*Asks:* 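Once you've had a glance at the structure underneath, I'll fire off some questions.
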Amino acid sequence: SVAAASSADDFVRCLTTAMPSQLVFPRSSPSFASVLASSIRNPKFMVPGTARPLCVATPANASHVQAAVLCGRRHGVRLRVRSGGHDLEGLSYRSAARAGDDAAFAVLDLAPGLRAVRVDVEAGTAWVDSGATVGELYYAVGKASGDRLAFPAGLCPTIGVGGHLSGGGFGMLLRKYGVAADHVVDALLVDARGRVLDRDGMGADVFWAIRGGGGASFGVVLSWQVRLVPVPRVVTAFKVPVSVDRGAVGVLTKWQTAAPAFPDDLFVRVLVQGKVAEFQSLYLGTCAALLPVMRGRFPELGLNRTHCREMTWLQSVPYIYLGSGAAVEDILNRTTSLAAASKATSDYVREPLAGAAWTEIFRWLAKPNAGLMILDPYGGKIGSVAESDTPFPHRGGVLFNIQYMNFWPAADGDAAAGTKWIRDMYAFMEPHVSKNPREAYFNYRDLDLGQNVVVGNVSSYEAGKVWGDKYFKGNFRRLAMAKAQIDPHDYFRNEQSVPPLVASN
Ligand code: FDA
C-alpha cells in the first residue's frame, strides 16, 4: 500500500540520518542482495518467494543499534537481528508473514561491524560482541591463554555468538562445563526503548531470560562478558565408526546409559548415518589416561592407542568439525558453502531405547531421502544445574539430545522429500523420547513445533505455550513475564518469540 511504502521510505531515511549511509543497504542498493546473503546458511530461504527486508543495516556501534530501534518503532518497521545467520528457520533474516504489520521488516546484521573479542587471561573472562563467531572466540581464547583456557559452546566455528549464547549453546565440553549461557556474567542489551542496559540495568529477570531464552524476544544483545574455563594443554580426540554389520546396535544400546555416566572429562557423541554409528570424542587428558577409562566403562567400542589423536583444545575444534586436514586458522573463515539446504528438529531421551528400537532406527536411516542423527550425551555439569537456573531446562535426568538433520542440493529449493523424512522420523520416535512436554532444543529451531498467533497486536501467551513448553518447560512462564517487563508492546517479535505475560495475581 501507499502508506506502507511511505513508512518504509521514512524508515530508511531515518536510519541514514542516524548512522553512516554506507552502512545502510536498501533494496535499491547494488549490494543489497550480497549483503543479505552474506551469512545465510540455509539456501532454501534465498528463493524468490521469501519475504525480503526493506533494507539491511550493518551497525558499527551501540548508537547505530539504538537508532535502528527508535527509527523502527517510529515508522512501524520491525527488526530481525542477525549475528551468525545460522538460525535453522532463517528467522534472523526472513519473516514468514506475507502481509500486514509483520511483513515490513529490516535486518540488523551485526557480523560486519560488531565482532570484537577481548580476552582477559588474568581474570579468566572475555567480552565478545554478538557478531563474532564462536570460532573467532575460541581462537582468541586459545591463543591469548597459551592453550590453558577454553569456552564451552557449539562445534560449528561459523555459529554467531549472538544467537548461540542467547539460545543456550552446547558442544564437546558440555559434560564438563554445561552450556555457553551458563558462563555469561554480563551483557549489553539495547531494549525496545532504545536504551543500552547492562546486567544491573536490565534487571535480574531479563538477564536470566537472555541466557537461554533467545535474544530476539528481548532486544538486541550487543556483547557478552563470559567466564572462560580451564583445559589441560593436551586433550585427546577420537572418531571410531562402527557399522551395523559390526554390531552398531549393541554398541549404541550400551552407549546410551554409559556415556551420560562417564567421568565429566570424557564426552563421546555419536553421528548416526546410513549403516554407521561414528563415535566422536573429546577427552580432557592424555591418551594414556583415556584408555583405561574406556576399557573399564565402554569396552564394546574397542578403543586402542591407534584411535587416539592428542592435541591442544584449540586444535580439537577444527579436527572434530572440519576434519583432520584442517588448520587452527580455518576456524576463522566465515565463508561456508551454500550448496546444501536443510531441515532439522530435535528430541531429548530420558529412558534408554531397547535394542529393537535402534534396529528400527537404522531402517529409517536406510530409506530414500533419509537424513542423519547426532546424539549428544548429557550428565555431568549440564545435568547438575537446576532447571530454573537458566531458561535452558534440559538438565537432570536427560540421557542424551537427538538432532535430526537432513540435507539436499540447494537447487532443489525447499525439497519436500527431505523435509517429509524429518517429519516422519519425528513421528516414529514419539514413543521413545521425552513426554509431557516432548522436549526440544531452542537453538535447533523448528517452526513445525508451533508458531505465534498475534491477537490485538500482541503475541498470544496461550498459543506460544505450544512451542514454548517444549523448548523451555516450566521456564516459559517466567520468560513471558520477563518479556512483559522489557518489551510489553511486543515490538521484538517473530514466529517463535516469547509473548509478553502480565501476571494477574
Ligand atoms: P542467527 O544470527 O541466525 O540468529 C539466531 C536467532 O537469534 C534469531 O532469532 C536472531 O534474531 C537472534 N539473534 C541473533 N543475534 C542476536 C542478538 N545479538 N541479539 C538478539 N537476538 C539475536 N547449536 C549448538 O548448541 N551446538 C552446536 O554444535 C551447533 N551446531 C550448529 C551447526 C550448524 C551448521 C548450524 C546451522 C547450527 C548449529 N547450532 C548449534 C545451532 C545454533 O546454535 C543456532 O542456530 C544459533 O541460534 C545460531 O546463532 P547465530 O547468531 O549464528 O544465528
Side-chain angles (χ1 to χ4, degrees), residues 38-43 45 59 62 65 68-69 78-95 105 107-111 114-115 128-137 152-174 178-181 187-192 209-224 269 271 280 317 320-322 334 336-338 340-344 346 374 376 382 392 394 401 403 405 407 441-447 471 486-487 492-498:
S38 60
S39 70
I40 289 183
R41 285 295 164 268
N42 200 341
F45 301 123
V65 175
V69 171
R78 286 177 201 282
L79 298 177
R80 297 281 168 150
V81 183
R82 184 166 76 179
S83 287
H86 280 48
D87 192 277
L88 295 170
E89 294 281 8
L91 298 191
S92 54
Y93 52 85
R94 67 148 190 147
S95 165
F105 69 99
V107 169
L108 215 51
D109 188 359
L110 308 187
L114 279 168
R115 53 186 283 196
V128 53
D129 290 343
S130 283
T133 62
V134 296
E136 289 167 345
L137 175 60
L155 278 77
C156 169
T158 47
I159 300 170
V161 162
H164 191 60
L165 268 60
S166 68
F170 58 75
M172 304 297 282
L173 294 175
L174 73 85
V179 300
L188 292 177
L189 174 80
V190 175
D191 75 354
I210 60 168
R211 289 174 295 150
S217 303
F218 305 98
V220 183
V221 184
L222 299 171
S223 53
W224 308 78
R269 76 201 291 253
L271 195 152
Q280 307 179 335
V317 176
I320 288 158
Y321 197 79
L322 303 171
R334 295 184 78 128
T336 63
S337 160
L338 274 173
S342 63
K343 169 76 186 174
S346 65
I374 296 170
D376 282 320
I382 199 170
F392 179 93
H394 320 290
N401 170 269
Q403 184 183 18
M405 260 273 174
F407 300 93
Y441 174 35
F442 178 73
N443 263 342
Y444 296 160
R445 191 198 301 283
D446 177 7
L447 290 183
Y471 290 144
I486 194 84
D487 184 23
F492 285 108
R493 74 171 175 234
N494 62 45
E495 294 74 6
Q496 281 184 347
S497 58
V498 175

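Both counts, for ligands and for their atoms, begin at 1 and track the order of listing. Every value quoted in this text rests on a predicted model; they were computed, and no experiment measured them.
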*Asks:* Nearest to atom 9 (O) of ligand 1 by heavy atom, Arg445, Glu89, Glu495: which?
*Replies:*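 Minimum heavy-atom distance to atom 9 (O) of ligand 1 goes to Arg445.
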*Asks:* Considering non-hydrogen atoms of the protein only, which is the closest contact for atom 13 (N) of ligand 1, and what is the distance?
*Replies:* Val81 O, 3.7 Å
*Asks:* Give the residue and atom name of whichever protein heavy atom lies nearest to atom 30 (N) of ligand 1, and the separation in Å to one decimal.
*Replies:* Ile159 CD1, 3.5 Å
*Asks:* Out of Gly219, Gly162, Ser166, who gets a non-hydrogen atom closest to atom 20 (C) of ligand 1?
*Replies:* Gly219
*Asks:* For residues Pro152 and Gly178, report the shortest heavy-atom separation together with the two atoms involved.
*Replies:*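 Heavy atoms of Pro152 and Gly178 come nearest at CB-O, 4.2 Å.
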*Asks:* Check ligand 1 against Leu88 and write out every atom of the ligand that is under 4.0 Å from a heavy-atom position of the residue.
*Replies:*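 What qualifies from ligand 1 is 36 (C).
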*Asks:* Taking only non-hydrogen atoms of Arg41, do any sit less than 4.0 angstrom from ligand 1?
*Replies:* no
*Asks:* Any side-chain heavy-atom pair from Val179 and Ile382 closer than 4.5 angstrom?
*Replies:* yes
*Asks:* Just wondering, do Arg334 and Ser39 contact through their side chains at under 4.5 Å, heavy atoms?
*Replies:* no
*Asks:* Run down the list Gln403, Arg82, His86 and name the one with the heavy atom closest to atom 48 (C) of ligand 1.
*Replies:*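 Ranked by closest heavy atom to atom 48 (C) of ligand 1, first place is His86.
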*Asks:* Quick one: are Met405 and Leu88 in side-chain contact, heavy atoms under 4.5 Å?
*Replies:* yes
*Asks:* Taking the side chain as every heavy atom from C-beta outward, state whether Leu155 and Ile320 have any atom pair closer than 4.5 Å.
*Replies:*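 Yes. Closest side-chain heavy atoms under 4.5 Å.
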*Asks:* Identify, by atom number and element, the atoms of ligand 1 in contact range of Gly154, meaning under 4.0 Å from any of its heavy atoms.
*Replies:* 26 (N), 27 (C), 28 (O)
*Asks:* Please determine if Leu155 has a nitrogen or oxygen closer than 3.5 Å to a nitrogen or oxygen of ligand 1.
*Replies:*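 In this structure, Leu155 places an N or O atom under 3.5 Å from an N or O of ligand 1.
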*Asks:* Can you report which non-hydrogen protein atom sits closest to atom 24 (C) of ligand 1, along with the distance?
*Replies:*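 Result: His164 CE1, 3.3 Å.
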*Asks:* Please list the nearest protein heavy atom to atom 25 (O) of ligand 1 with its residue and the distance rounded to 0.1 Å.
*Replies:* Tyr441 OH, 2.6 Å
*Asks:* For ligand 1, does Ser130 get within less than 4.0 Å through its side chain, its backbone, both, or neither, judged by non-hydrogen atoms?
*Replies:*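 Side chain only.
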*Asks:* Going by the closest heavy atom to atom 19 (N) of ligand 1, which one wins out of Val65, Leu108, Val221?
*Replies:* Val221
*Asks:* Flag the pair Val65 / Leu114 as yes when at least one side-chain heavy-atom distance between them is below 4.5 Å, and no otherwise.
*Replies:*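 In short, these two side chains touch, coming nearer than 4.5 Å.
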*Asks:* Do Trp224 and Ser130 have side chains that get closer than 4.5 Å, going by heavy atoms?
*Replies:* yes
*Asks:* Grab the two heavy atoms, one from Ser166 and one from Gly215, that are nearest each other, plus how far apart they are.
*Replies:*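 Minimum heavy-atom separation between Ser166 and Gly215: OG-N, 2.9 Å.
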*Asks:* Could you check if a side-chain atom of Glu495 sits within less than 4.5 angstrom of a side-chain atom of Glu89, using non-hydrogen atoms only?
*Replies:*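 Of all side-chain heavy-atom pairs linking Glu89 with Glu495, none is under 4.5 Å.
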*Asks:* Would you say that Phe492 contacts Ser217 through its side chain, given a criterion of any heavy-atom pair below 4.5 Å between the two side chains?
*Replies:*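 A side-chain contact under 4.5 Å is absent here.
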*Asks:* For atom 47 (O) of ligand 1, which protein heavy atom lies nearest, and how many Å away is it?
*Replies:* Asn443 OD1, 3.0 Å
*Asks:* Just to confirm my output: which protein heavy-atom neighbour is closest to atom 3 (O) of ligand 1, and how far is it?
*Replies:* Ser92 OG, 2.6 Å
*Asks:* Polar-atom distance check: Val220 versus ligand 1, any N or O pair below 3.5 Å?
*Replies:*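 No; the residue has no nitrogen or oxygen that sits under 3.5 Å from a nitrogen or oxygen of the ligand.
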*Asks:* With nothing but distance in play, are any N or O atoms of Gly160 less than 3.5 Å from an N or O of ligand 1?
*Replies:* yes
*Asks:* I'd like to know if Phe492 contacts ligand 1, where contact means a heavy-atom distance under 4.0 Å to any ligand atom.
*Replies:* no
*Asks:* Taking Tyr471 as the fixed residue, which of Tyr441, Phe442, Phe392 is the one that meets the ring-ring contact (aromatic ring centres under 6.0 Å, His included) rule?
*Replies:*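 Running ring-ring contact (aromatic ring centres under 6.0 Å, His included) over Tyr441, Phe442, Phe392 with Tyr471 returns exactly one hit, Phe442.
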*Asks:* Does Asp87 pair with Arg82 as a salt bridge, N-O distance under 4.0 Å?
*Replies:*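 No salt bridge links Asp87 with Arg82.
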*Asks:* Testing the basics here: between Val69 and Val220, what is the closest heavy-atom pair and its distance to 0.1 Å?
*Replies:* CG2-CG2, 4.5 Å
*Asks:* Under the side chain to side chain contact (heavy atoms under 4.5 Å, CB included) rule, collect the residues that match up with Ala68, sequence neighbours excluded.
*Replies:*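 Partners of Ala68 by the side chain to side chain contact (heavy atoms under 4.5 Å, CB included) criterion, ordered by chain and then number, come out as Leu15, Leu79, Leu108.
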*Asks:* Around atom 6 (C) of ligand 1, find the nearest protein heavy atom and jot down its residue, atom name and distance.
*Replies:*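 Answer, as residue, atom name and distance: Asp87 OD2, 3.6 Å.
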*Asks:* Show the atoms of ligand 1 that are less than 4.0 angstrom away from any heavy atom in Leu110.
*Replies:*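 Ligand 1 atoms under the 4.0 Å threshold to Leu110: 18 (N).
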*Asks:* State the CG-CG distance between Leu165 and Leu137, to the nearest 0.5 angstrom.
*Replies:* 8.0 Å
*Asks:* Could you pull out, from Gly84, Gly168, Ser217, the option with a heavy atom nearest to atom 50 (P) of ligand 1?
*Replies:* Gly84
*Asks:* May I ask whether Gly171 places a heavy atom under 4.0 Å from ligand 1?
*Replies:* no
*Asks:* When you look for heavy atoms under 4.0 Å from ligand 1, do you find them on the side chain of Thr158, its backbone, both, or neither?
*Replies:*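 Neither; no heavy atom under 4.0 Å.
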*Asks:* Please work out which of Phe170, Tyr93, Tyr321 has its closest non-hydrogen atom nearest to atom 34 (C) of ligand 1.
*Replies:* Tyr321
*Asks:* Which ligand 1 atoms, with their elements, are less than 4.0 angstrom from a heavy-atom of Gly169?
*Replies:* 25 (O)
*Asks:* So which heavy atom in the protein is nearest atom 32 (C) of ligand 1, and how far is it from that ligand atom?
*Replies:* Cys156 CB, 3.4 Å
*Asks:* If you take the nearest heavy atom of each of Gly167, Gly163, Gly90, which one is closest to atom 14 (C) of ligand 1?
*Replies:*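 Among Gly167, Gly163, Gly90, the closest heavy atom to atom 14 (C) of ligand 1 comes from Gly163.
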*Asks:* Residues two or more places apart in sequence or in another chain: which of them pass side chain to side chain contact (heavy atoms under 4.5 Å, CB included) with Thr158?
*Replies:*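 Per chain and number, Thr158 pairs via side chain to side chain contact (heavy atoms under 4.5 Å, CB included) with Arg41, His86, Cys156, Thr336.
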